[in-house]
Amino acid sequence: MSFLNKIKLTNKKVYILGGCGFIGSRVVSNILSVGAKVIILDIQKKQIQKNVKYEKFDCSNLKTLENNFNKIIKKIGCPDIFINCSYPRTKDWNQSSFNKVTLKSMSKNIEIHMNSYAWLAKIVAEKMVKNKIKGNIINLNSIYGLLGQDLSVYEKTSIKENMSYSIIKGGLINLTKQMASYYGQFGIRVNSICSGGLKGHVAGKSGSQENQFIKNYEKKVPLKRLGNPEEIANVITFIASDASSYITGSNVIVDGGWTII
């Protein structure tokens, strides 16, 4: 089979959680373009593309998460590929710096973000095992699961470091390794995509990034620019395909070289 044919996902059932979001919407476009059957799971329905199914789903409510997710699987079927691009967070997310974060806020964000990612990945993997599907699970992650946050990029801006974020993303790094270690025996691949800084909005704040932040960031990254969501979506599509069939347990870095220096 040629390389291009391995990229195709013809008739593969792909769940994309957070498929209406900043990165998720680009992932949906890419996955559709290679022939997959796409099911978006999201809390809000925004500009849904043609030939895409949509199911309202709130991953931040852990009390109802498993029951509601199982209802969707019962209705549509077990996915061949599960991609989590969600970004659940509390309203006080931008108050998560060390000198402002509260125990309540930190605990809640770990619950709705890291715990929802981990539990959903586990549910999907078990469904794949039960249905004898040699599936693929991909979680969106960050370079700040691998590294401490560089405070110099926040100088002369209103942005601060985020204690909760580093805990969450660091936890997802080892989740990837542990799941890949266990579920590999069933032919299930588990990977995460560690994204560097992307040009666009700032989670938990209104408006786009401050010009000073962009200048600070671009000085530090070898390619001298922030990334685009399409560049993350391209890598996710590759990892979702058979072209990456021997990649599992990897935290794939897409960061313009940030982590090399």
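With hydrogens and angles disregarded, no donor-acceptor distance shorter than 3.5 Å links the side chain of N61 to the backbone of L65. Of the possible donor and acceptor atoms, one in the side chain of D42 sits under 3.5 Å from a partner among the backbone N and O of C20.
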Give every donor-acceptor pair under 3.5 Å between a side-chain atom in residues 164-175 and any protein atom, sequence neighbours left out.
| unit_1 | atom_1 | unit_2 | atom_2 | d |
| --- | --- | --- | --- | --- |
| Y165 | OH | S142 | OG | 3.2 |
| S166 | OG | M163 | O | 2.8 |
| K169 | NZ | H113 | NE2 | 3.3 |

Yes or no on salt bridge (Lys or Arg N to Asp or Glu O under 4.0 Å) for E210 and K156, after CA distance, side-chain angles and deciding distance?
CA-CA 10 Å; E210 299 170 40; K156 298 180 181 179; over 6 Å; no
List the steps and the verdict of side chain to side chain contact (heavy atoms under 4.5 Å, CB included) for F69 and V124.
CA-CA 9 Å; F69 191 70; V124 171; 3.6 Å; yes
Verdict with reasoning, N70 to K127, per side chain to side chain contact (heavy atoms under 4.5 Å, CB included)
CA-CA 9 Å; N70 283 334; K127 294 290 184 184; 3.3 Å; yes
Check against side chain to side chain contact (heavy atoms under 4.5 Å, CB included), V221 and L226
CA-CA 8 Å; V221 69; L226 285 124; over 6 Å; no
Run the side-chain hydrogen bond (donor to acceptor under 3.5 Å, both in side chains) test on S2 and N5 for me, step by step, so that the C-alpha distance in whole Å, both residues' side-chain angles and the decisive distance to 0.1 Å come before the verdict.
CA-CA 5 Å; S2 71; N5 283 332; 3.2 Å; yes
What's the verdict on side-chain hydrogen bond (donor to acceptor under 3.5 Å, both in side chains) for Q212 and N216, showing C-alpha distance, side-chain angles and the deciding distance?
CA-CA 6 Å; Q212 186 62 50; N216 292 346; 2.9 Å; yes
Should D150 and K220 be marked as a side chain to side chain contact (heavy atoms under 4.5 Å, CB included) after you check the CA-CA gap, both sets of side-chain angles, and the distance that decides it?
CA-CA 9 Å; D150 187 334; K220 301 285 292 187; 2.8 Å; yes
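No side-chain heavy atom of Y87 sits less than 4.5 Å from a side-chain heavy atom of F22.
Qualifying side chain to side chain donor-acceptor pair (under 3.5 Å) partners for S86, counting only residues two or more places apart in sequence or in other chains: N84.
The distance from the CD1 atom of I138 to the OG atom of S192 is 10.0 Å, given to the nearest 0.5 Å.
For the 3.5 Å distance criterion, the side chains of S96 and R89 fail to qualify, holding no donor opposite an acceptor. In this structure, a donor-acceptor pair under 3.5 Å is absent between the side chains of Q95 and S105. Side-chain contact, N234 with N30: a donor N or O sits under 3.5 Å from an acceptor N or O. E126 and Y183 form a side-chain donor-acceptor contact under 3.5 Å, judged by distance and modelled atom types alone.
Residue R189 is tested with S245, S250, S244 for a side-chain hydrogen bond (donor to acceptor under 3.5 Å, both in side chains); the sole match is S244.
Salt bridge status for E66 with K122: absent, with no side-chain N to carboxylate O gap under 4.0 Å.
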